[in-house]
Structure formats: C-alpha cells, structure tokens
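Below, read A as the first sequence line, B as the second, and so on, with proteins coming before strands; counting in each chain starts at 1.
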Number of protein chains: 2
Amino acid sequence: MPDVEDTLTNALRRRIIDGEFAPGTRLSEISLAEKLGVSRNTLREAFRVLAEQGLIEHVPHRGVSVASPGVADVVDIYRARRYVEPAALAAGSPLHPAVAAMREAVEQGETSLEARDWRTVGTANMAFHDAIVALADSPRLERLFRDIAAELRLAFLEIDNPEALHAPFVTRNRALLETFLEQGGPAAAAELQDYLVLSERTVLGAFTRLRHG
Amino acid sequence: MPDVEDTLTNALRRRIIDGEFAPGTRLSEISLAEKLGVSRNTLREAFRVLAEQGLIEHVPHRGVSVASPGVADVVDIYRARRYVEPAALAAGSPLHPAVAAMREAVEQGETSLEARDWRTVGTANMAFHDAIVALADSPRLERLFRDIAAELRLAFLEIDNPEALHAPFVTRNRALLETFLEQGGPAAAAELQDYLVLSERTVLGAFTRLRHG
DNA sequence: ATGGCACCGATTGTTCAACAATAATAGCCG
DNA sequence: CGGCTATTATTGTTGAACAATCGGTGCCAT
C-alpha cells in the first residue's frame, strides 16, 4: 500500500485544522500510528512535514504536539499578512482568475453568515484572503500564506468564539472586493491594511480575554 | 545515537547549498544512507524536511533529487523578494540590531571582493539581504527568506559564473546601507526595488545565456 | 514533612531486514 | 524498427528490536 505518505500527511493536516486534535494535544506515535493504520516510521515522516509547516511542534525526545499559537505567533502571523496581502491586492489585476474565487468566497461567507454557520464563515473568510494572495501569482507566497493560515486556524480553535472572530468580516470582504473592482488595487490595499489591523485586534482581544478567564 | 535527525538535516542542507551535490543530482536513499552512516528511514525523514523547504524535489517512486531552479523559479523567487525586502527596509529602524549585521555583511563583501573570492562575496551578499529581512522582526518572513535564499543559491550554482553574479552588488550594498541610514527606510526601499530588478535581470540573463550554449 | 537522589517505566530515536509496489530498462516479438 | 512484455533496481512501507532520554515514583537522609 504505497504512496500512503502524502495522503497521510494531508489527512492529518485536515484533521488537525478541523480541530479533531485540540491545540497543544500531544500526539503519541504509537497510538496514533495504530489509530491511523500506518507504521511509526511512516507517521514520523508525516510529522516532519507538518512540523516544517508549523502545524505541529516537535520537541526532541518528547514527541510532537499540535501547535498552540500564542500572542507572539498571532502578532507575527498578522505582520506577515500585512506584508503580503495588501501588496498582492495593490498589484493585482481585476481580470485575474483569482477575482472569481474572491467573489465566490464573499458569497459563500454571506450564505454561511445567514445560516449562522460560523465555522463555514471562517473557512470562506480564509478562502477570500487566499484568493487575494493568489493575485500575486507566486507559488512561494501562496505556500507561505497556506502555512500561516493554517496556524491562524489553530489560534481560532483556541479561542472558540467563531461568531465574534468571523462574522464581522463578511461585510468587510464584500466592501473590499467592491473597492478593488471599482477603485482599483491601491485603494483596496489601503482598506485591507485597516481591515487586517482590526482583525488582529479582534483576535488578540479574544486571546487576552481568554487568559483572564 | 539519537538526535541525529536535526544534525543530519542541517548537514545535508549545508552540503547541498555548498554545491557538493549539483542541482538535479539524484540522491539515492541506499547509497546516501550508507555514505552518511544512517539508516534509510532516518534519511527519509531528513528528505521530507528538505523537500518541504524546497531544497530537494521529491517525485513519488522516483526518489529525490537536488532542486534545480528554472527560469520560472527565479522569477518567482524575485517576486517574493520584492514583496518582502523593500517593505522590511521601508519600515525598519536604523537602531535595529540587524543594521550591524548589514554593515558587517557589506564589509565582508568588500573584503572578499578585493580577494576575488567570489563564493564568499555571494555569501556576504546573501547575509546582507538576510539582515534586511531581519529588520522586520518576523520569524515567519525570515523562514521564507531562508528557504528562497537557499533555492537561489542553487540557481547560482547552475550558472557558475560567480563574479558576474555577485561582484556588481557589493558597491550597491554599500550605497543601499548609506541611503538607509542617511535618507531613511522609504528612500532605501525604492533603491532596493531597482536593485532587485537589476539583480533578477542579471540572473535571468545568465540563465538564458546558459540555455543557448 | 521535605528536599534531593536513584531508579523505573514509557516514549522517542534509530536501526535493520523484509516485502510490496512502482518506474525505468532491456530484451523480445511481430 | 516500433510496440509490448519481463526484468531489475529503487522507493514505499512495515514490524520488531534496542538504545537513549524524559518524567515521575519512591526511597533516603536531614
């Protein structure tokens, strides 16, 4: 049964992102390998990949645990986002295929918002920003964003107040898309800067509130 | 003999970057494991990490080979650099510790240039840009740059004309540092934009010249 | 009781040997 | 000479084994 590896990595990745293993959870090689029906060695290869992506944390001789991003991580993630996303939007063409993905993400967000399905709202929000990055046509920047978006999802899982985290940004996504199409990239980039500052503040606020009970 | 893994990954990484295995070289698990004195399984874990970093390419059932970046990769690498480096410089503080590293890299480059030690000139150039990215104080952006800088070194190895690639930029580094200190980040960022465009053109020119004999 | 210390158990780190699955190659046939 | 098949070398994966390390347990001395 070869080629399990990539599938295994992706499966694990999805399950972690979906919150099946809470952030901070220790992942035992033996029990997890048994549970997944693979050998320890194969599982360890997947671990190395996920650790490199920042989804799990590896401490020598103490195994791996699901990453649990702290305040410093969130700050850094948003810093990176502010470097990449507004620039991608500013230089992006309205004719770029990713614009369709942006529009779909906006609509998906609106639909899910109405259904009060916060988790899906969060997914749609991420898809929206993913599409923004895709405007840059840069595989390496897309990979960076994929990784930090996954980490951010873990941070969201820690907070576990999806409505407050995701709901406010659906209308902002719509507005941002319209600004981009009607006023062009630079105007949208400026708007996105504020957007990201607000988003960061929202996440950090929820974080510190957590720490204080 | 535990904990070999991280050491092994770093050792392999250094040897690849240093050109011990030419870009495109196929890395056989059996022979390389024997050569390095580790087991296949351990080596495979290191492979997974390096593949994730883009240093080696993994094709299922065909093994791994040292990455050999093509024109598209170089273009993308420079695109990513233009997203990150000028912004880091624009927002960077002259009091940041990384400025010392920038200065050291400039001086190292000048010394090596005089000695006509092109390889060291290249290393100093990379250290200079690494320091620029460090201005952003972002571990994730630093990691991105570390990876694409490594890939770029592989591209340089393919070209193998280190003088043309590295020598012209020593004086530019000095000038850029002075602009940053005397005129501030935004002015330096603008200068760096042109710098990177020129650098990209240099690399791409050498590339296409390669293809034509 | 308490603080430090040696031991013990559980887990990770690593190796080895084996087999399955695949891709490239070589050789065969038409 | 081109296409098909068989061979072969390599990767993919497994299971078992042992070494090394970490954390905790319980003992001992104060």
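For the residue pair His129(A) / Arg81(A), a side-chain donor-acceptor distance below 3.5 Å is found, with atom types taken as modelled. Residues Thr123(B) and Arg153(B) have side chains that bring a donor and an acceptor to within less than 3.5 angstrom of each other.
Nearest nucleotide to the Asn41(B) side chain, out of dA17(C), dT10(D), dA16(D): dA17(C). Nearest nucleotide to the side chain of His61(A), out of dT14(D), dT15(C), dC22(D): dC22(D). The side chain of Arg40(A) has dG13(C) as its nearest neighbour among dT11(D), dC16(C), dG13(C).
Between the CD atom of Glu45(B) and the P atom of dT11(D) there is a distance of 16 Å, rounded to whole Å. The CG atom of Leu43(B) sits 11 Å away from the P atom of dG12(D) (whole-angstrom rounding). dT11(C) atom C1' lies 15 Å from atom CD of Glu34(A), rounded to whole Å. For Leu36(B) and dT15(C), the CG to C1' distance is 15 Å, given to the nearest whole Å. Taking atom CG of residue Leu27(A) and atom C1' of nucleotide dT12(C), one finds them 14 Å apart after rounding to whole Å. The NE2 atom of His58(A) sits 14 Å away from the P atom of dT21(D) (whole-angstrom rounding). One interatomic measurement links the two molecules: CD1 of Ile56(A) to P of dT12(C), which rounds to 12 Å at whole-angstrom precision. The nearest whole Å value for the distance from the CD1 atom in Ile30(B) to the P atom in dC19(C) is 15 Å.
Distances shown here put a side-chain N or O of Arg44(A) below 4.0 Å from the OP1 or OP2 atom of dG13(C). Side-chain N/O atoms of Arg62(B) include one lying less than 4.0 angstrom from OP1 or OP2 on dA24(C). Taking side-chain N and O atoms only, Thr42(A) has a distance below 4.0 Å to OP1 or OP2 of dT14(D).
Classification of Arg140(A) and Asp73(B) as a salt-bridged pair holds, one side-chain N sitting under 4.0 Å from a carboxylate O. A salt bridge is defined here as a Lys NZ or Arg NE, NH1 or NH2 lying under 4.0 Å from an Asp or Glu carboxylate O, and Arg14(A) with Glu20(A) fails to meet this definition.
You'll find the side chain of Asn173(B) reaches within 4.5 Å of the side chain of Tyr195(B), heavy atoms only.
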